[in-house]
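What you see is a predicted model; the values in this text were computed from it and never measured. Whatever order the structure lists ligands and atoms in, that order sets their numbers, starting from 1.
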Amino acid sequence: MIKIRIDLAKNSYYIFLKNNIFNYVAKCHKKNYPGCRAIIITDNNVKKFYLTSFTNNLSKNNVKFNSYCVFPGEKSKSFHSLENLTDKIIKKGVNRNDVIYALGGGVIGDLAGFLSSILLRGIKFIQIPTTLLSQVDSSVGGKTAINTKIGKNLVGTFFQPSAVFIDPNTLITLPKKEFLAGYAEVVKYSIIDDKLFFNWLNKNSKDTFNLKSENIYKIITTCIKKKAKIVKLDEKEKKTRMLLNLGHTFAHALENELNYKVRHGEAVSVGILMAMKLSQKLGYAKKEDYYVLENHLKSSKLPIKLKQLSNNKNWQIKSIINKMQTDKKSYKGNIQFILCKGIGAAFIKKDIDTNLLKKTIEEFYI
Ligand code: NAD
Ligand code: GLY
């Protein structure tokens, strides 16, 4: 088993990485939280594959549990499902010693994490991420959120989990498109500060997409260690942590424009390419960096153009830019961008000329 520490003073915790992890999770619960109930939040897809396996192990260890299920997809990151879930949990009975388990992808992690942070003014919460995206990114670092009509992740908290249990074998049942969406976040990490990792990803993508165990373990541990280092420096995203949002100011606006009917990771794929294009236009990155990144995303079958995110959307530049201005990273309407001085060299930049931004986005129309 691999164990990685997220070092955050009194909010520190461990991430455990192991195949067939449910028995271990149940044993840890029994040992660390004797007599406390496990409250499992999952979605209908994940329930089908993993809920019984988890609850059988809890029962074997005499742990009492309740499980709650939401519809799969981004729409569940809403006030509506938050209210529904909290009502159900409170009606069944919950106390501050109970532990909430988020069993699923980033949507479940963000929603269950937010709920845990406000229910009874905060109850313990553990992540069991089952998508590549949630295993490399969203389960680590304590960002929780739901969306509002105005924008993505605009209501949320920083609330660290007590532990994260990752079973890479769960990726076997994950649809290919979902795996690829998570892979966009993996590429993001390499663009931020690790050209060697990018080159390795580029060279080894065939084995990675065939879920070669060695590759999957390397990818998950590399990304988590990178995130752990950044979150340790800047847990509440005052500065350095913003680097992790490379491509996300674009991506969040695109997701909102499409009413969240697009995978987050697919929007991130176009978003990181837009960030690289903007960096190139401003003279920070070379054309070659842009083409190498574009080729890798393209050959990975990730979207690189707006029309690949939606065939029938009539994209309006003004509306995209308005959405970018409501992003959490903007300050008084001034958008803070993550740009790159080439692959592996991201940095934060304010005061981007709106015309240049428009021209950048326009290049992604066709
Ligand atoms: P998701 O949670 O919607 O999961 C994708 C799909 O895969 C869903 O249909 C789900 O039911 C299904 N699924 C999950 N695990 C499965 C498995 N093992 N086998 C079969 N099907 C499975 O999406 P996601 O890509 O995991 O997460 C995206 C969300 O994460 C977005 O809302 C994004 O904003 C958020 N996010 C949060 C952070 C953070 O730091 N908190 C970071 C990045 C992204
Ligand atoms: N996914 C960005 C962050 O956790 O900060």
Side-chain angles (χ1 to χ4, degrees), residues 6 41-51 53-54 69-78 102-114 117 127-147 151-154 156-161 164 166-186 188-189 192 211 223-224 226-249 251-252 254-256 260-269 271 328-329 338:
I6 306 297
I41 299 176
T42 190
D43 72 29
N44 293 320
N45 293 335
V46 180
K47 174 185 177 179
K48 222 167 43 202
F49 292 112
Y50 302 108
L51 185 62
S53 156
F54 185 26
C69 212
V70 300
F71 290 114
E74 193 68 31
K75 288 274 174 201
S76 283
K77 271 176 63 171
S78 64
L103 173 67
V107 163
I108 293 300
D110 281 11
L111 172 68
F114 182 48
S117 71
Q127 295 259 21
I128 311 181
T130 59
T131 60
L132 179 64
L133 185 140
S134 54
Q135 295 179 353
V136 299
D137 195 344
S138 62
S139 65
V140 182
K143 276 190 183 175
T144 80
I146 56 172
N147 305 322
K152 178 136 167 128
N153 293 342
L154 290 181
T157 49
F158 286 100
F159 190 66
Q160 299 296 340
V164 181
I166 300 178
D167 181 348
N169 268 355
T170 55
L171 299 180
I172 294 167
T173 56
L174 187 69
K176 178 101 185 160
K177 284 238 172 206
E178 301 296 347
F179 181 87
L180 284 179
Y183 187 73
E185 297 275 14
V186 174
K188 173 197 80 177
Y189 280 105
I192 292 172
L211 302 186
C223 295
I224 290 175
K226 286 182 180 301
K227 187 155 184 179
K229 214 162 132 187
I230 291 180
V231 172
K232 182 181 175 183
L233 286 174
D234 177 20
E235 183 183 351
K236 299 275 167 75
E237 199 172 76
K238 299 283 183 236
K239 195 161 183 195
T240 321
R241 186 167 179 172
M242 283 186 197
L243 292 173
L244 291 173
N245 296 322
L246 173 69
H248 282 58
T249 304
H252 287 170
L254 302 177
E255 286 179 85
N256 186 279
Y260 303 111
K261 289 189 185 101
V262 62
R263 289 178 186 84
H264 172 68
E266 291 175 347
V268 167
S269 174
K328 292 183 295 316
K329 293 173 292 304
I338 316 305

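Side-chain atoms of Thr173 and Tyr50 include a donor-acceptor pair closer than 3.5 Å. For the residue pair Asn153 / Lys143, no side-chain donor-acceptor distance below 3.5 Å is found, with atom types taken as modelled. Glu255 and His248 share no donor-acceptor pair across their side chains, judged by distance under 3.5 Å alone. For Ser139 and Ser134, the side-chain atoms include no donor-acceptor pair closer than 3.5 Å. Between the side chains of Thr170 and Gln135, at least one donor N or O lies within less than 3.5 Å of an accepting N or O.
Using 4.0 Å as the threshold, Met242 has no heavy atom nearer than that to any atom of ligand 2. Using a non-hydrogen distance threshold of 4.0 Å, Arg241 does not register as a contact of ligand 1. Put simply, part of Glu185 is less than 4.0 Å from ligand 1, judged by heavy atoms. Residue contacts with ligand 1 include Lys152, since one of its heavy atoms falls under 4.0 Å from the ligand. At a 4.0 Å cut-off, not a single heavy atom of Ser76 sits close enough to ligand 1 to count as contact.
The shortest contact between atom 11 (O) of ligand 1 and any protein heavy atom is with Asp43 OD2, 2.7 Å. The shortest contact between atom 5 (O) of ligand 2 and any protein heavy atom is with Arg241 NE, 2.7 Å. Protein heavy atom in closest approach to atom 22 (C) of ligand 1: Leu174 CD1, 3.6 Å. With hydrogens left out, the protein atom closest to atom 21 (N) of ligand 1 is Pro175 CD, 3.7 Å, a heavy atom. The nearest heavy-atom contact from the protein to atom 35 (C) of ligand 1 is Asp110 OD2, 3.4 Å. Scanning the protein heavy atoms around atom 4 (O) of ligand 2, the nearest turns out to be Lys227 NZ, 2.7 Å. For atom 3 (C) of ligand 2, the nearest non-hydrogen atom of the protein is Lys143 NZ, 3.3 Å. For atom 26 (O) of ligand 1, the closest heavy atom belonging to the protein is Thr131 OG1, 2.6 Å. Protein heavy atom closest to atom 30 (O) of ligand 1, with residue, atom name and distance, is Gly106 CA, 3.4 Å.
Within the 4.0 Å heavy-atom criterion, neither part of Leu171 lies near ligand 1. Contacts with ligand 1 closer than 4.0 Å are made by no heavy atom of Thr144, backbone or side chain. At a heavy-atom distance under 4.0 Å, no atom of Ala181 approaches ligand 1. Contact annotation: for Gln135 versus ligand 1, there are no heavy atoms closer than 4.0 Å. Contacts between His264 and ligand 1 below 4.0 angstrom, taking non-hydrogen atoms only, involve the side chain exclusively. Contacts with ligand 1 closer than 4.0 Å are made by heavy atoms of both the backbone and the side chain of Thr173.
With ligand atoms numbered from 1 in the order given, ligand 2 contributes 1 (N) to contacts under 4.0 Å with heavy atoms of Asp137. Proximity to Pro72 (heavy-atom distance under 4.0 Å) selects the following atoms of ligand 1: 9 (O), 11 (O). Annotation for ligand 1: atoms under 4.0 Å from non-hydrogen atoms of Glu178 are 5 (C), 6 (C), 7 (O). Heavy-atom contacts of Tyr50 reach the following atoms of ligand 1: 18 (N) (cutoff under 4.0 Å). Near Asn245, the atoms of ligand 2 lying under 4.0 angstrom from a non-hydrogen atom of the residue are 2 (C).
Leu103 has its side chain within reach of Thr130: a pair of non-hydrogen atoms, C-beta onward, lies under 4.5 Å apart.
The main-chain N or O of Leu244 is never found under 3.5 Å from a side-chain atom of Tyr189 such that the two would form a donor-acceptor pair. No donor-acceptor pair closer than 3.5 Å links the side chain of Lys188 to the backbone N or O of Leu246. Asp234 places a side-chain N or O within donor-acceptor distance of the main-chain N or O of Arg241, the cut-off being under 3.5 Å. Distance alone, capped at 3.5 Å, is enough to place a donor-acceptor pair between the Gln160 side chain and the Gly142 backbone. When atom types are taken as modelled, the side chain of Tyr260 and the backbone of Lys152 share a donor-acceptor pair closer than 3.5 angstrom.
Heavy atoms from other residues, nucleotides or ligands lying under 6.0 Å from NZ of Lys232 number 12 at most.
Ligand 1 has an N or O atom lying under 3.5 Å from an N or O atom of Asn45, backbone or side chain.
Atoms NE2 and CG, on His264 and Leu133 in that order, are 5.5 Å from each other to the nearest 0.5 Å. The distance from the CD1 atom of Ile108 to the OG atom of Ser76 is 6.5 Å, given to the nearest 0.5 Å.
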